[in-house]
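As the structure is a prediction and not an experimental result, all values here were calculated from the model.
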Amino acid sequence: MTAAPHVLILAGTTEARLLAAELVANGAAGGRPVRVTSSLAGRVAGPRLPAGQVRIGGFGGVDGLVRWMREHQVDAVIDATHPFADTISSNAAGAAVTAHVPLLALRRPGWVAAPGDRWHPVDSLAGAAAALPGLGERVFLTTGRMGLAAFAHLADHWFLVRSVDAPTPPAPPRMEVLLDRGPFDLAGEADLLRRHRIDVLVTKDSGGQATAAKLTAARDAHLPVVVVRRPRAPAGVPAVEDVAGAVRWLGERLG
């Protein structure tokens, strides 16, 4: 009996969990059974574990990922990591070429400014920090705990930092931490902006609905929003925007 194809999902997003659940329950397009391994970076304590097999931790760069794929006989890779996880995405692209394994990127669409939005696009967290003077002094910072060093020099600003896990130094000297995990609704986000007297929001263009309510709340409150643009995706990697597209792609590649 032929073994089921092995699919490696580079995970950590809602889309990755939904994809793993779909593949474990129903297989690839056409109903072909597949074996699923989801890989998590291990940066979040108590992650929501997807269906199927799970591994936690890094691979050790391109060479380590190539070794792992060969040792575990991976037949296809789906990069469903966060849009800003550019290091693992770049490593996946290089490893897929070396190991001759097909690779797909599953990327939810980015956010699009709506009428009334006061967006200030920047290319990096350092650019976001540089944009803050003149926009506001009470900052709702929703870029995660890993990049707080970019804002650590802003002693004249007060930051409300929301993240899943507690941040570590270096960090802004005037800061309150809110430990929470989405999805967030509009009423809650609007109340948060009012209670903390926020006058500027900083966010990454993560896309999706789980954290989009803050953008609507900021628009309703006429607040400026500093939006960090996504890094460029690796060249030559096909991409889809939803789980259904990934399932179809797998069905075509795995026969």
Verdict with reasoning, Leu178 to Leu192, per side-chain contact (heavy atoms from CB on, under 4.5 Å): CA-CA 10 Å; Leu178 175 61; Leu192 185 149; 3.4 Å; yes
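- No continuous path of ILVMFWY side-chain contacts below 4.5 Å connects Phe59 to Val66, so the two sit in separate hydrophobic clusters.
- With sequence neighbours excluded, the residues that form a side chain to side chain contact (heavy atoms under 4.5 Å, CB included) with Val240 are Leu104, Leu106, Ala246.
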From CA spacing to verdict: side-chain contact (heavy atoms from CB on, under 4.5 Å), Met146, Thr168: CA-CA 8 Å; Met146 304 301 293; Thr168 56; over 6 Å; no
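- Pairs of residues two or more places apart, or lying in two chains, never qualify as ring pair (Phe, Tyr, Trp, His ring centres under 6.0 Å) while including a residue from residues 91-136.
- The salt bridge (Lys or Arg N to Asp or Glu O under 4.0 Å) test applied to Arg162 returns Glu189, not counting sequence neighbours.
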Steps toward side-chain contact (heavy atoms from CB on, under 4.5 Å) verdict (Leu23, Asn26): CA-CA 5 Å; Leu23 294 177; Asn26 301 311; over 6 Å; no
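- The side-chain heavy atoms of Ser163 and Leu179, taken from C-beta on, include a pair separated by under 4.5 Å.
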Can you give me every donor-acceptor pair (side chain of residues 85-96, partner residue at least two apart or in another chain, under 3.5 Å) with its distance?
unit_1	atom_1	unit_2	atom_2	d
Ser89	OG	Asp79	OD2	2.7
Ser89	OG	Ala85	O	3.2
Ser89	OG	Arg107	NH2	2.7

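- Annotation: side chain of Arg17 is in contact with side chain of Thr14 (closest heavy-atom distance under 4.5 Å).
- Going from atom CE of Met175 over to atom CZ of Phe159 covers 10.0 Å, rounded to the nearest 0.5 Å.
- Under the 4.5 Å side-chain criterion, counting only non-hydrogen atoms from C-beta, Arg138 is not in contact with Val200.
- Tracing side-chain contacts under 4.5 Å through hydrophobic residues (I, L, V, M, F, W, Y), one reaches Leu65 starting from Val101; they form part of the same cluster.
- Proximity of Leu10 to Ile78: side-chain heavy atoms (C-beta onward) are nowhere separated by under 4.5 Å.
- When the side chain to side chain contact (heavy atoms under 4.5 Å, CB included) test is applied to Thr37, the partners found at least two apart in sequence or on another chain are His6, Leu8, Gln53, Arg55, Trp68.
- Residue pairs satisfying the salt bridge (charged side-chain N to carboxylate O under 4.0 Å, His left out) criterion with at least one member in residues 122-137, sequence neighbours excluded, are listed as follows: Asp123-Arg229.
- Residues in residues 244-255 take part in no side-chain hydrogen bond (donor to acceptor under 3.5 Å, both in side chains) pair, two or more places apart or across chains.
- Cluster membership check: Val54 does not share its hydrophobic cluster with Val24, using side-chain heavy-atom separations under 4.5 Å among Ile, Leu, Val, Met, Phe, Trp and Tyr.
- Put simply, CG on Asp63 and OG1 on Thr98 are 7.5 Å apart, with the number rounded to the nearest 0.5 Å.
- For the pair Leu201/Val139, no side-chain contact is recorded, criterion being any heavy-atom separation below 4.5 Å from C-beta on.
- Minimum interatomic distance between Thr81 and Ala11 (heavy atoms only, all atoms of both residues): CG2-O, 3.7 Å.
- Of all heavy-atom pairs spanning Ile9 and Ala80, the tightest one is CG2-CB, 4.2 Å.
- Of all the heavy atoms in Val228 and Ala128, the pair that sits closest is CG2-CB, 4.1 Å.
- Nearest approach of Pro33 to Ala4, heavy atoms of both residues: O-CB, 3.6 Å.
- Closest approach of Pro50 and Leu40 over heavy atoms only: CD-CD1, 4.4 Å.
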Side-chain donor-acceptor pairs of residues 149-158 under 3.5 Å, sequence neighbours excluded:
unit_1	atom_1	unit_2	atom_2	d
His153	ND1	Ala150	O	3.4
His157	NE2	Gly136	O	3.1

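- Listed by chain and residue number, nothing satisfies the ring pair (Phe, Tyr, Trp, His ring centres under 6.0 Å) test with Phe184 (two or more places apart in sequence, or in another chain).
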Please tabulate, one pair per line, all N/O donor-acceptor pairs under 3.5 Å involving side-chain atoms of residues 230-237, not counting sequence neighbours.
unit_1	atom_1	unit_2	atom_2	d
Arg230	NE	Asp205	O	2.8
Arg230	NH1	Arg108	O	3.0
Arg230	NH2	Arg108	O	2.9
Arg230	NH2	Pro109	O	3.3
Arg230	NH2	Ser206	O	3.2

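- No donor-acceptor pair closer than 3.5 Å links the side chain of His72 to the backbone N or O of Val74.
- Partners of Arg195 by salt bridge (Lys or Arg N to Asp or Glu O under 4.0 Å), not counting sequence neighbours, listed by chain and number: Asp191.
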Would you mind writing out the side-chain donor-acceptor pairs for residues 212-220 within the sub-3.5 Å range, not counting sequence neighbours?
unit_1	atom_1	unit_2	atom_2	d
Lys214	NZ	Thr142	OG1	2.9
Lys214	NZ	Thr203	OG1	2.9
Arg219	NE	Asp117	OD1	2.9

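- Between the Thr13 side chain and the Ala16 main chain, a donor and an acceptor come within less than 3.5 Å of each other.
- A heavy-atom distance below 4.5 Å is found between the side chains of Leu193 and Leu223.
- A heavy-atom distance below 4.5 Å is not found between the side chains of Leu141 and Leu160.
- Across all non-hydrogen atoms, the minimal contact from Gly27 to Val247 is O-CG1, 4.2 Å.
- For the pair Pro167 and Val177, the minimum side-chain heavy-atom distance is below 4.5 Å.
- Val34 and Val243 fall within a single hydrophobic cluster, where Ile, Leu, Val, Met, Phe, Trp and Tyr side chains are chained together by heavy-atom contacts under 4.5 Å.
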Derivation and outcome, side-chain contact (heavy atoms from CB on, under 4.5 Å), residues Asp165 and Arg145: CA-CA 7 Å; Asp165 294 320; Arg145 65 187 177 92; 3.6 Å; yes
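- A continuous path of ILVMFWY side-chain contacts below 4.5 Å connects Leu250 to Leu18, so both sit in one hydrophobic cluster.
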